[in-house]
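Computed from heavy atoms alone, side chains included, the values below leave out hydrogens, waters and symmetry copies.
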Amino acid sequence: MAPRPGESGVLSVESLKGAPGRFRKESAIRRVFFAAAATSILISALIVLSLAGEAWTFVTQVDYSSLWTDGWFPRRGMYDVKTIFVGSILVTIVAMFVAGPLGMGAAVYLSEYAKPRLRRTLKPILEILAGIPSVVLGFFALTWISPEIVQRLNPESSLFNLMAAGIGVGILTTPLVASIAEDAMRSVPQALREASYGMGARKVTTSTKVVIPAAVSGLVAAFIIGISRAIGETMVVAIAAGATGGSLFNLNVFEPGQTMTAAMASMAAGTDAVKGAGLTFQSLFFVGLLLFLITLLLNVSAGRFVRRVRQRY
Amino acid sequence: MPPEARTKRPTAGSGIPASRANVARPVARRGGDPASSSPVFRLDDLSVYYGSFKAVRNVSMSIPQQQITAFIGPSGCGKTTLLRCLNRMNDLVDIARVEGKVLYHGVDLYDEQVNPVEVRRRIGMVFQKPNPFPKSIYDNITFGPKVAGVKGNLEEIVERSLRRAALWDEVKDRLKDSAMGLSGGQQQRLCIARALAVDPEVILMDEPCSALDPIATGRIEDLMEEIKTDYTIVIVTHNMQQAARVSDMCAFFTAEINEHSDTRTGILVEFDRTETMFSNPQDERTENYVTGRFG
């Protein structure tokens, strides 16, 4: 035991220094964790840099008239970005028409209506849905959603179509939206629900007039993150939307089309020829950078909303 | 307290359902014998369980009209549990279950046909922590009337409720501001105003001042004194001085430890006029508690 100043009569700086090894050990541990954190940031930075480099080459060398043509055929030098951008938007809109109501509805049910035991059963099932490999869902979209739903609704629809792809992406996005929205609603204090019930409000009134307005920032965030996920989804679209080689400009969701992600995947998948034809290779990086910026913007704005809801309580 | 708050009373035909305002009720004599006027609540051998845990057992008592009845006692003696049986708030807890009867003007609140939503419109509640909605002051007050489908003049209800809760003068120029910007004491008075806006007959208060400073507490106590001419109030409090100051009737609860399971079950020890409870309690446990020797 260290001598107490009262007993030995002296208290020096030496006696309060502690063991020297301990300091070294702590600083080593700190460096390891710092390295882990720094690496992940570094990787992100490298990704952006590699995108930006090739994208810059594309922007500086491309013939600008080729950016506004009738379609996206990069192998033929037609880089009509609006075709695949609109393709992405169409798929995302369809997806959010599925994931929005389904995800929000599931969230309201899980948070407000389900008894605790039922919630403990349902939530893992929902999360299993989130774990379905997107390639499996892509085949589901192509072989079931497209013939059984889309072509029944619209017999003139082609087998490969943006609608089926969008529904598939929506199913894939639903668990994410539901999970975030449920968290937002569950973070609304129980005291507010009690206040509402205490005034004779029914459950449906309490959910719609108290809980949902109080959680609205989180719900908006859930929706935005859903959009961001839907825009970034690749496999389902690559399989179910068709148009692998390129796509004509198309606003009809019952026709084949291409999204930004699918365009990148189909160009890069198993073809040595990608590099050959002019700026084809670089165009993919340009699209990638665009995608990156869109999702970054969406995620940052979602983060803002989440922070706003946290501040309130 | 502003003078107009003292004189303003709910009037019939002002948009509030004419449920009580124009119905003559027997006026209980202040501090009178509770048995002499018809009680608002009669609890008959009431026990409350959470799952297999017995939280309160065999409580029988009558709560008189237009008086302030206080529930006092140490922590964990079931005061809040019992209070929340009076407007079926315990229904929100899945595993809660009652045995015995809660008669409200002779009607069993736990009858199968009784809708808890209707019960809570007549029996309002103010909670331990101020819990205004994250909406404007105006929207907080109008929430209840809108839920109840009141078509009348909402502005009038807002003003009357806020005046009744002695908050009008402080907030009349910022009714559209968020209620979250009010101080704790103002928020609690807003919650009282919100409860008054649906014109209940009874107001249950679950330690309404426990989160407030002494000045804010004093204002709430004045307010309770003020509104009890129109409302029956049941208040749970940890604060014996508060019970002595504001209540007409007082119920002392304590917890008995169950030998086998090491859990506590609340029991009603004594229920009487507040003066009697504090000056001449019949039960030794009450005396120990109110003189500060226990709890």
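- At a 4.5 Å heavy-atom cutoff, the contact between Ile123(B) and chain A is made by backbone atoms alone.
- The environment of OH in Tyr113(A) is crowded: more than 12 heavy-atom neighbours from other residues, nucleotides or ligands sit within 6.0 Å.
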**Message:** Please determine whether side-chain contact (heavy atoms from CB on, under 4.5 Å) holds for the pair Val210(A) and Phe143(B), giving the CA-CA distance in whole Å, both sets of side-chain angles, and the decisive distance to 0.1 Å.
**Reply:** CA-CA 9 Å; Val210(A) 175; Phe143(B) 180 86; 3.5 Å; yes
**Arg84(B) and Glu194(A): CA distance, side-chain angles, deciding distance, salt bridge (Lys or Arg N to Asp or Glu O under 4.0 Å) verdict** = CA-CA 11 Å; Arg84(B) 291 166 72 98; Glu194(A) 293 197 334; 2.6 Å; yes
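- Here the side chains of Pro213(A) and Phe133(B) are not in contact, with every heavy-atom distance at 4.5 Å or above.
- Surrounding CZ of Phe139(A) are at most 12 heavy atoms belonging to other residues, nucleotides or ligands under 6.0 Å away.
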**Prompt:** Going through the distances and angles, do Lys146(B) and Met199(A) end up as a side-chain contact (heavy atoms from CB on, under 4.5 Å)?
**Reply:** CA-CA 11 Å; Lys146(B) 278 183 185 163; Met199(A) 266 175 301; over 6 Å; no
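- Heavy-atom neighbours of Lys101(B) NZ from other residues, nucleotides or ligands within 6.0 Å: at or below the threshold of 12.
- For CZ of Phe85(A), the number of neighbouring non-hydrogen atoms (other residues, nucleotides, ligands) closer than 6.0 Å is 12 at most.
- With a 4.5 angstrom heavy-atom cutoff, Val117(B) touches chain A via backbone and side-chain atoms both.
- When every heavy atom of Ala195(A) is checked against every heavy atom of Arg194(B), the shortest pair comes out as CB-NH2, 3.2 Å.
- Side-chain contact between Leu192(A) and Pro132(B): absent, with no pair of heavy atoms (C-beta onward) separated by less than 4.5 Å.
- Distance NZ/Lys115(A) to CD1/Ile95(B): 12.0 Å, rounded to 0.5 Å.
- Taking a 6.0 Å sphere around CZ of Arg119(A), one finds it holds more than 12 heavy atoms contributed by other residues, nucleotides or ligands.
- If you measure heavy-atom distances from Lys209(A) to chain B, the contacts under 4.5 Å come from both the backbone and the side chain.
- Annotation for Arg174(B): atom CZ counts as buried by contact number, over 12 foreign heavy atoms lying within 6.0 Å.
- A distance of 10.5 Å separates CG of Leu92(B) from CZ of Arg193(A), quoted to the nearest 0.5 Å.
- Listed here is the closest heavy atom pair of Asp94(B) and Pro116(A): OD2-CD, 3.3 Å.
- Between the side chain of Asn131(B) and the backbone N or O of Ala191(A) there is at least one donor-acceptor pair closer than 3.5 Å.
- The greatest number of non-hydrogen atom pairs below 4.5 Å with chain A, out of Arg120(B), Arg88(B), Arg122(B), Lys129(B), is found for Arg120(B).
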